[in-house]
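A quick write-up on the structure given underneath.
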Protein chains: 2
Amino acid sequence: MAQVKNTYQFEDLLEKHQLKKTGARLRVLSMMYAKNTATSQPDLESVMHDIDRVTLYRILNVFEEKGIIHKVFDLNGTANYAVCSSGCHEHHHHDEHLHFNCTACKGVFCLNELSLPAINLPEGFQASGFTLYASGLCPKCNKMQ
Amino acid sequence: MAQVKNTYQFEDLLEKHQLKKTGARLRVLSMMYAKNTATSQPDLESVMHDIDRVTLYRILNVFEEKGIIHKVFDLNGTANYAVCSSGCHEHHHHDEHLHFNCTACKGVFCLNELSLPAINLPEGFQASGFTLYASGLCPKCNKMQ
DNA sequence: TAGTAAATGCAATCGTGTTGCATTAGTGTT
DNA sequence: AACACTAATGCAACACGATTGCATTTACTA
Ligand SMILES: [Mn+2]
Ligand SMILES: [Mn+2]
Ligand SMILES: [Zn+2]
Ligand SMILES: [Zn+2]
């Protein structure tokens, strides 16, 4: 299950990153921390009708800059966001784990427990980051066939 | 370098997949086979002004269905396409290699020579495909700093 | 060469991403 | 508690890739 926190902890989180404590930001945080899958902006919009989509867009952007969440693309190429596990700082992410895209429920899962094996790139290529994607069926969809 | 072919071989390729031999399709094939990086639809449009965008869109789609090319997303989430190395068939791709996104020139490289190490997924997850992404500098951009 | 299905072109729409600017609201200070 | 200042929000507008419907044209086949 995801790492559930309460409102006070979210306020502390915002304060730590020198972000003003607004209702929209707290609601986005509580939604993202409650889920065990990544969240797209359309996901947020479908729930928070009263918040402008540009506001949500900017909240996601600033959270990513601050190292609170990280971006991962789903099978359609749309951005999804998930809370960073640990060790992520402003403009410095360490989310090199496996991202599982469920082809049935479209859920995007961060499998933090799986670290990536070392990769030897061909001569000349210089990598700054890796991401491993897998697609298939998540546990829930797998059971339902 | 990429696998260059001539027009007759492209015609054979189309015939093999029961696709009509049209000028647009042959031109798309020759462009994609001549490059060593993946090609986006905007790439094609910038060269083939006389072909309608929707036609290009449908050509890319049918080529992917037939297992001639495979789709890979760049850092912006836009679809790029690259010719399949081998073993890909209709609705059945085997392009489990590393995809390198150059942050400078935006090129997307298929590093076929790098096969992926075996991955053990957590209980319940059933994967049908893997893709490893790396971002950084390609050889050319690396030299130019 | 005529008939048929496939492929194309065009117009239109959708969805996500992005910017500018005026207004509002959070925060530290008086 | 009121003030001032800056950050955050809402709204309008735009960018651009993705996607569909439909009429027309083209490639193949009989
Ligand atoms: Mn992740
Ligand atoms: Mn590839
Ligand atoms: Zn699922
Ligand atoms: Zn490059």
Side-chain angles (χ1 to χ4, degrees), chain A residues 7-8 10-29 38-66 68-82 90 101 106 108, chain B residues 7-8 10-29 38-66 68-82 90 101 106 108:
Chain A
T7 305
Y8 296 115
F10 293 139
E11 289 183 353
D12 288 350
L13 187 60
L14 291 176
E15 189 166 5
K16 193 180 92 185
H17 289 96
Q18 295 154 24
L19 296 172
K20 291 185 176 173
K21 302 161 194 161
T22 69
R25 285 173 175 167
L26 289 170
R27 287 165 65 190
V28 169
L29 282 179
T39 310
S40 66
Q41 195 187 311
D43 287 344
L44 294 173
E45 291 175 19
S46 69
V47 176
M48 309 180 187
H49 304 280
D50 52 324
I51 301 177
D52 191 82
R53 46 189 219 91
V54 179
T55 302
L56 293 172
Y57 168 77
R58 287 195 265 235
I59 287 176
L60 293 173
N61 269 339
V62 76
F63 282 2
E64 196 201 4
E65 278 176 21
K66 295 291 187 177
I68 300 173
I69 62 179
H70 63 279
K71 189 197 288 193
V72 44
F73 291 109
D74 63 19
L75 294 171
N76 303 315
T78 46
N80 286 54
Y81 296 88
E90 187 148 3
N101 289 59
K106 311 299 177 194
V108 179
Chain B
T7 307
Y8 295 116
F10 293 140
E11 291 184 352
D12 288 350
L13 187 61
L14 292 176
E15 190 167 6
K16 193 181 94 184
H17 289 96
Q18 295 156 22
L19 296 172
K20 292 184 177 174
K21 303 160 193 163
T22 69
R25 283 174 177 169
L26 289 170
R27 287 165 65 191
V28 169
L29 282 179
T39 310
S40 66
Q41 195 186 312
D43 287 345
L44 295 173
E45 291 174 19
S46 68
V47 177
M48 310 180 188
H49 304 279
D50 51 323
I51 301 177
D52 192 83
R53 331 183 345 257
V54 180
T55 301
L56 292 172
Y57 168 78
R58 288 194 264 234
I59 287 175
L60 293 173
N61 268 339
V62 75
F63 282 2
E64 197 203 1
E65 280 177 18
K66 295 291 188 175
I68 299 174
I69 62 179
H70 62 280
K71 189 196 290 189
V72 44
F73 292 108
D74 63 20
L75 295 170
N76 303 315
T78 46
N80 286 53
Y81 296 87
E90 185 148 3
N101 290 58
K106 311 300 174 192
V108 179

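Numbered from 1 within each chain, the chains take letters A, B, ... in sequence-line order.
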N/O contacts under 3.5 Å, protein versus nucleotides 24-30 of chain D?
| unit_1 | atom_1 | unit_2 | atom_2 | d |
| --- | --- | --- | --- | --- |
| D:dC28 | OP1 | B:K21 | N | 2.9 |

Go through the structure and list residues passing side chain to side chain donor-acceptor pair (under 3.5 Å) with B:E45, not counting sequence neighbours.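 Scan of B:E45 (side chain to side chain donor-acceptor pair (under 3.5 Å), adjacent residues dropped) gives B:Q41.
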Mind checking what makes side chain to side chain donor-acceptor pair (under 3.5 Å) contact with B:T7, not counting sequence neighbours?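 Once residues adjacent in sequence are excluded, B:T7 has no partner under the side chain to side chain donor-acceptor pair (under 3.5 Å) criterion.
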Which is it for A:I51 and A:V28 under the side chain to side chain contact (heavy atoms under 4.5 Å, CB included) test, yes or no, and what are the steps along the way? CA-CA 10 Å; A:I51 301 177; A:V28 169; 5.6 Å; no
Would you list the pairs meeting salt bridge (charged side-chain N to carboxylate O under 4.0 Å, His left out) in which at least one residue belongs to residues 46-57 of chain A, sequence neighbours left out?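 Every pair satisfying salt bridge (charged side-chain N to carboxylate O under 4.0 Å, His left out) with a residue in residues 46-57 of chain A: A:R27-A:D50.
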Going by heavy atoms in the side chains, are A:T55 and A:T22 under 4.5 Å from each other?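 A side-chain contact under 4.5 Å is absent here.
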Round to the nearest Å and state the distance from [X] atom [atom1] to [N] atom [atom2].
| X | N | atom1 | atom2 | value |
| --- | --- | --- | --- | --- |
| A:E11 | C:dT27 | CD | P | 8 Å |
| A:R25 | C:dT24 | CZ | P | 19 Å |
| A:R27 | D:dA8 | CZ | P | 18 Å |
| B:L60 | D:dT19 | CG | C1' | 14 Å |
| A:E15 | D:dA7 | CD | P | 16 Å |
| B:L56 | D:dG17 | CG | P | 12 Å |
| A:H49 | D:dG10 | NE2 | P | 15 Å |
| B:L44 | C:dT8 | CG | P | 13 Å |

How far does the helix from C:dT1-D:dA30 to C:dT30-D:dA1 bend, going by the axes of its first and last five pairs, to the nearest 10°?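 End-to-end axis angle for the helix from C:dT1-D:dA30 to C:dT30-D:dA1: 30°, rounded to 10°.
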Give the table of side-chain donor-acceptor pairs shorter than 3.5 Å for residues 12-20 of chain A, with sequence neighbours excluded, one pair per line with atom names and distance.
| unit_1 | atom_1 | unit_2 | atom_2 | d |
| --- | --- | --- | --- | --- |
| A:E15 | OE1 | A:K21 | NZ | 3.3 |
| A:H17 | ND1 | A:L13 | O | 3.0 |
| A:H17 | NE2 | A:K66 | O | 3.4 |

Could you pull out all residues at least two apart from B:F10 that satisfy ring-ring contact (aromatic ring centres under 6.0 Å, His included)?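 Scan of B:F10 (ring-ring contact (aromatic ring centres under 6.0 Å, His included), adjacent residues dropped) gives B:Y33.
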Among residues at least two apart in sequence or on other chains, which ones pass side chain to side chain contact (heavy atoms under 4.5 Å, CB included) with [X]?
| X | result |
| --- | --- |
| A:Y81 | A:M32, A:L60, A:N61, A:E64, A:I69, A:K71, A:A79 |
| B:V47 | B:M31 |
| A:A38 | A:V72, A:N80, A:A82, A:V108 |

Using salt bridge (charged side-chain N to carboxylate O under 4.0 Å, His left out) as the criterion, list what pairs up with A:D43, not counting sequence neighbours.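 Partners of A:D43 by the salt bridge (charged side-chain N to carboxylate O under 4.0 Å, His left out) criterion, ordered by chain and then number, come out as A:K35.
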Expected string for nucleotides 12-20 of chain C under the B/S/- scheme (protein heavy atoms, under 4.0 Å, primed atoms plus P, OP1, OP2 as sugar-phosphate) is ----SBBBB
